[in-house]
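We number each residue from 1, following the sequence as shown. Every value quoted in this text rests on a predicted model; they were computed, and no experiment measured them.
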Amino acid sequence: MSISSRHVNPEGTRVFMGSILNEDLHTALGRLMTEHGIRAGSVQIIGGITDIEFRAFDFTAKVRRAPIIFSGALEIVSAHGHLSYLDGAPHVHLHATVTAPHSGVWGAGGHVQRAVAFAVEYIIQAFDGAELVRQFDETTGLWIWDLPEI
């Protein structure tokens, strides 16, 4: 068993709110990270999307499963994620639950590999004072935070 914890915002927390229209969510959020100097943070998203690709990680085999893709008028019921860095670039780790309200009542959710916004609203909390960087973890086969000492 293992647990790690660090205080990552000794300089404060900034909050950004806005919308993303007709753009890939990961790309848009990465651009916001760069524009606002966000080195660590969290994001909440609701709204409409036109495409989403979920991709799960098989914990036993330590490989990514084939993607599950949905297209059409989809609504994000809830999406939450972490903003950090991987290989020197902004990295958005996002999970979401979506429905297709115009084609019947159903839902799907999980790790979002890709999503295209029709119109979404977001809230970003930027944790100033530290940079969260992802490092490969041999034990799990995942890229997880290397929490800094500050």
Quick one: does any side-chain atom of K62 pair with a main-chain N or O of L142 as donor and acceptor, under 3.5 Å? no
Using a 3.5 Å distance criterion without hydrogens, assess whether the side chain of T34 forms a donor-acceptor pair with backbone atoms of G30. yes
Give me the ring orientation class for H91 and H93: parallel if the planes are under 30° apart, tilted from 30 to 60°, perpendicular past 60°. perpendicular
Determine the minimum heavy-atom distance between [X] and [Y], stating which atoms define it.
X	Y	value
R55	A66	NE-C, 4.1 Å
V116	I49	O-CB, 3.1 Å
A100	L74	CB-CD2, 3.9 Å
T60	D58	N-OD1, 2.9 Å
V112	F54	CG2-CE2, 4.0 Å
A108	F70	CB-CE1, 3.7 Å

Are V43 and Y85 grouped together when hydrophobic residues (ILVMFWY) are joined by side-chain heavy atoms under 4.5 angstrom apart? yes
Is W106 reachable from I68 through a run of hydrophobic residues whose side-chain heavy atoms are each under 4.5 Å from the next? yes
Go through the steps for R14 and D128 under the test salt bridge (charged side-chain N to carboxylate O under 4.0 Å, His left out), then give the verdict. CA-CA 7 Å; R14 293 177 291 151; D128 293 337; 2.8 Å; yes
Heavy-atom check, side chain of I76 versus side chain of T97, under 4.5 Å: no
Is it the case that H82 and H80 place a side-chain donor and acceptor less than 3.5 Å from each other? no
Would you say the ring centers of W143 and F57 fall short of 6.0 Å from each other? no
With a 6.0 Å cut-off on ring centres, are H36 and F16 close enough? yes
Quick check on L21: does its CG atom have over 12 non-hydrogen neighbours (other residues, nucleotides or ligands) under 6.0 Å away? yes
Does a sphere of radius 6.0 Å around CZ in F118 hold more than 12 heavy atoms from other residues, nucleotides or ligands, not counting ones at 6.0 Å or beyond? no
